[in-house]
Structure formats: C-alpha cells, structure tokens
Amino acid sequence: MPLVNPLDSNHDSETKELAEFFDETLGFCPNSVLTMQHRPAISKAFINLNKAVMANEGGVSSALKRMIAWVSSNATGCRYCQAHAIRAAERYGAKQEQLDNIWEYRTHPAFSDAERAALEFSLAASQVPNTVNAKIKNNLCKYWNEGEIVEMLGVISLFGFLNRWNDSMGTALEDGAIESGNQYLKKYGWEKGKHT
C-alpha cells in the first residue's frame with residue numbers, strides 16, 4: 001500500500017496537460033506523478049525537468065537514455081523505476097537483443113563499447129558511495145562529448161530522485177509497467193516488491 005495515494009489525473013489541469021508527455025514515453029501517466037499532484041508545483045516542475053533531461057540534443061539516443069535510467073534504478077534497487085525504464089527503452093526503439101540482455105550489458109555483443117561506457121558511468125554514478133573514477137571518466141570521454149555526458153548525468157540524477165520517491169512512497173506499479181517488468185526482467189528475479 002502506498003505511503004501517499006495518487007490523486008485522480010484530473011486533479012490539476014496544468015499537470016494533466018504536461019503529463020501527456022508520458023502517454024508517449026510509457027503509454028500512461030505514472031502513479032508517481034499523480035502522487036506529486038498533492039503539491040502541484042512539484043508535479044509540474046518534475047514533468048518539465050523530465051522533458052528537459054530526456055530531450056535529445058546530441059548523440060545520446062532516447063533508447064540509451066532509458067537504458068541508463070534502468071542501470072541507475074537497478075543500482076539503487078527501485079523496482080518501480082526498473083519496470084518504467086525498461087518499458088520506455090522498448091517504446092523508444094531499444095534493440096530486442098538489448099532488452100532481452102540488459103543485465104549483461106558489460107559483455108553482451110548487442111551493446112557497443114560507447115553504450116557500455118555510458119551504462120558503466122550510470123552504474124558508478126548511481127552507487128553510494130559514488131564510484132566514478134578516472135578510468136570511467138577516460139572511457140566515457142573516448143565516445144561522448146561534454147554535452148552528451150551532461151545529458152547522461154541528467155538522466156542518472158533524475159532517476160536518483162525517482163528511485164527515492166517511488167521506493168519511499170511504495171508507489172503502485174501500473175499494469176503496463178508490470179507487463180514490461182515481467183517480460184524483460186522477471187527471468188532475472190525482478191518482482192513488484194512493495195509496488196503493489
């Protein structure tokens with residue numbers, strides 16, 4: 001049971017309009033955003049930040065951004081965000097082989113060296129204590145420019161907020177997210193956990 005119940009999607013008209021963004025990314029408005037509506041300034045600011053972070057201004061694809069989000073969420077253990085990130089990666093064109101083997105990004109041939117560097121950065125930046133070091137930085141900089149690295153860290157930081165929000169709230173998972181979690185992550189032990 002969630003710590004705070006989500007409000008109806010019609011609760012705040014401005015949030016509802018902004019939340020149409022999630023119809024594209026997930027196919028539904030997340031319960032996390034509906035919960036944020038208890039303070040509409042938070043829900044609106046969050047959606048605008050999400051849109052800014054997920055905008056593509058360099059070579060970091062929408063699919064890779066969502067895989068970065070998945071690695072970050074996996075590092076922190078947020079099952080809600082793991083399911084959302086893998087669903088969004090699928091909707092934004094991640095290769096089937098990548099979706100099926102996301103847990104093996106370090107060694108599976110479906111991932112390029114540039115993608116591995118980005119995903120390894122996501123893991124290191126998401127751990128507590130943070131483990132970003134010179135080796136990770138040097139490998140990342142071989143493939144990505146400073147603007148692209150800023151985009152990646154924007155995703156990681158956004159999901160740091162979401163991981164804490166959803167795990168603390170015990171936000172209930174939506175049916176579509178459960179389907180994606182079961183399809184791509186269950187074989188590795190993923191389950192809804194407290195997000196029922």
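Sequential numbering from 1 along the given sequence is applied to the chain's residues.
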(request) May I ask you to decide if Leu162's main-chain N or O and Asn166's side chain share a donor-acceptor pair within less than 3.5 Å? (result) yes

(message) Exactly one of Glu57, Glu148, Glu151 should register a salt bridge (charged side-chain N to carboxylate O under 4.0 Å, His left out) with Lys65. Which one does?
(response) Glu151

(request) Determine the interplanar angle of the His195 and Tyr80 rings, folded into 0 to 90°, and report it as parallel if under 30°, tilted if 30 to 60°, perpendicular if over 60°. (result) tilted

(message) Starting from Met1, can I reach Met169 by hopping between I/L/V/M/F/W/Y residues whose side chains sit under 4.5 Å apart?
(response) no

(request) Can you see which heavy atom on Pro40 is nearest to which on Gln37, and at what distance? (result) CD-O, 3.2 Å

(message) Do Arg66 and Tyr92 form a cation-pi contact, if we require the NZ or CZ to be under 6.0 Å from the six-membered ring centre and within 45 degrees of the ring's axis?
(response) yes

(request) Could you grab the distance from atom CG of Asn50 to atom CG of Leu158, nearest 0.5 Å is fine? (result) 5.0 Å

(message) Applying a strict under-4.5 Å side-chain criterion to I, L, V, M, F, W and Y, I'd like to know whether Val128 and Val71 cluster together.
(response) no

(message) On a heavy-atom basis, which atom in Cys141 and which in Ile149 lie closest, and how many Å separate them?
(response) SG-CD1, 3.9 Å

(request) Report the distance from atom CD of Glu179 to atom CD of Glu174, rounding to the nearest 0.5 Å. (result) 11.0 Å

(request) Supply the atom-to-atom distance Ser43 OG to His38 NE2, rounded to the nearest 0.5 angstrom. (result) 10.5 Å

(request) In sequence, state the C-alpha distance, the side-chain angles, and the governing distance for Phe121 and Trp144, and then conclude on side chain to side chain contact (heavy atoms under 4.5 Å, CB included). (result) CA-CA 11 Å; Phe121 173 58; Trp144 305 101; over 6 Å; no

(request) Establish, from distance only, whether the side-chain atoms of Gln96 and Asp100 form a donor-acceptor pair under 3.5 Å. (result) yes

(request) Step through the shown structure and confirm whether more than 12 heavy atoms of other residues, nucleotides or ligands are within 6.0 Å of NZ on Lys187. (result) yes

(message) On a heavy-atom basis, which atom in Leu123 and which in Ala75 lie closest, and how many Å separate them?
(response) CD1-CB, 3.7 Å

(message) Show the nearest heavy-atom pair for residues Phe22 and Pro30, with the distance to one decimal.
(response) CG-CD, 3.5 Å

(request) Return yes when atom NZ of Lys51 has more than 12 non-hydrogen atoms of other residues, nucleotides or ligands closer than 6.0 Å, and no otherwise. (result) yes

(message) Within the 4.5 Å heavy-atom criterion, are Leu140 and Lys137 side-chain neighbours or not?
(response) no

(message) Please check: side-chain N/O of Asn48 versus main-chain N/O of Lys44, any donor-acceptor pairing under 3.5 Å?
(response) yes

(message) Please check if the number of heavy atoms outside Lys194 that lie under 6.0 Å from its NZ is greater than 12.
(response) yes

(message) Tell me if a side-chain donor or acceptor on Asn31 pairs with a main-chain N or O of Thr171 at a distance below 3.5 Å.
(response) no

(request) Kindly say whether the aromatic ring centers of Trp190 and Trp103 come within a distance under 6.0 Å. (result) no

(request) Could you state whether Leu7 and Leu26 fall into the same hydrophobic cluster, counting links through intermediate Ile, Leu, Val, Met, Phe, Trp or Tyr residues with side-chain heavy atoms under 4.5 angstrom apart? (result) no

(request) State yes or no: do Val4 and Leu34 share one hydrophobic cluster built from I, L, V, M, F, W and Y residues joined by side-chain heavy-atom distances below 4.5 Å, directly or via other members? (result) no

(message) How long is the straight-line distance from CG of Asn138 back to CG of Asn133, given to the nearest 0.5 Å?
(response) 9.0 Å

(message) Strictly distance-based, threshold 3.5 Å: is any side-chain N or O of Glu115 a donor or acceptor partner for the main-chain N or O of Ser112?
(response) yes

(request) Look at the side-chain heavy atoms of Ile, Leu, Val, Met, Phe, Trp and Tyr, link any pair under 4.5 Å apart, and say whether Val150 and Phe159 land in one connected group. (result) no

(message) Quick one about Glu120 and Tyr105 (side-chain donor to acceptor, distance below 3.5 Å, no hydrogens or angles considered), yes or no?
(response) yes

(request) Could you please spell out the steps behind the side chain to side chain contact (heavy atoms under 4.5 Å, CB included) verdict for Gln183 and Arg87? (result) CA-CA 10 Å; Gln183 181 177 355; Arg87 180 176 181 82; over 6 Å; no

(request) Kindly compute the distance separating OG (Ser72) from CD (Gln82), expressed to the nearest 0.5 Å. (result) 10.0 Å

(message) Are more than 12 heavy atoms, taken from residues, nucleotides or ligands other than Glu17, located less than 6.0 Å from that residue's CD atom?
(response) no

(request) Please round to the nearest 0.5 Å and tell me the distance separating atom NE2 of His11 and atom CE of Met36. (result) 14.0 Å

(message) Between Phe28 and His84, does the ring-ring contact (aromatic ring centres under 6.0 Å, His included) criterion hold? Intermediate values first, please.
(response) CA-CA 11 Å; Phe28 53 82; His84 277 230; 5.7 Å; yes

(message) Any salt bridge linking Glu191 with Arg79? Criterion: basic side-chain nitrogen under 4.0 Å from a carboxylate oxygen.
(response) no

(request) Might you point out which heavy atoms bring Lys16 and Ser9 nearest each other, and give the distance in Å? (result) CB-O, 3.5 Å

(message) Would you say that Val33 contacts Thr15 through its side chain, given a criterion of any heavy-atom pair below 4.5 Å between the two side chains?
(response) yes

(request) Applying side chain to side chain contact (heavy atoms under 4.5 Å, CB included), run through Thr76 and Asp167 and close with a yes or a no. (result) CA-CA 9 Å; Thr76 63; Asp167 254 4; 5.9 Å; no

(request) Check the pair Asn56, Ser62 against side chain to side chain donor-acceptor pair (under 3.5 Å), reporting the backbone distance first and the verdict last. (result) CA-CA 7 Å; Asn56 295 331; Ser62 293; 2.6 Å; yes

(message) Taking atom CD as the centre, does Glu146 end up with more than 12 heavy-atom neighbours from other residues, nucleotides or ligands that are less than 6.0 angstrom away?
(response) no

(message) Quick check: do Met67 and Ile86 have side-chain heavy atoms less than 4.5 Å from each other?
(response) no

(request) Establish, from distance only, whether the side-chain atoms of Asn163 and Ser73 form a donor-acceptor pair under 3.5 Å. (result) yes

(request) Step by step, work out the side chain to side chain donor-acceptor pair (under 3.5 Å) result for Glu90 and Tyr184. (result) CA-CA 10 Å; Glu90 174 187 33; Tyr184 297 111; 2.8 Å; yes

(request) Determine, step by step, whether Trp70 and Leu119 satisfy the side chain to side chain contact (heavy atoms under 4.5 Å, CB included) criterion, reporting the C-alpha distance in whole Å, the side-chain angles of both residues, the deciding distance to 0.1 Å, and the verdict. (result) CA-CA 9 Å; Trp70 179 84; Leu119 297 172; over 6 Å; no

(request) Give the minimum heavy-atom separation between Ile102 and Phe111, together with the two atoms involved. (result) CA-CZ, 4.0 Å

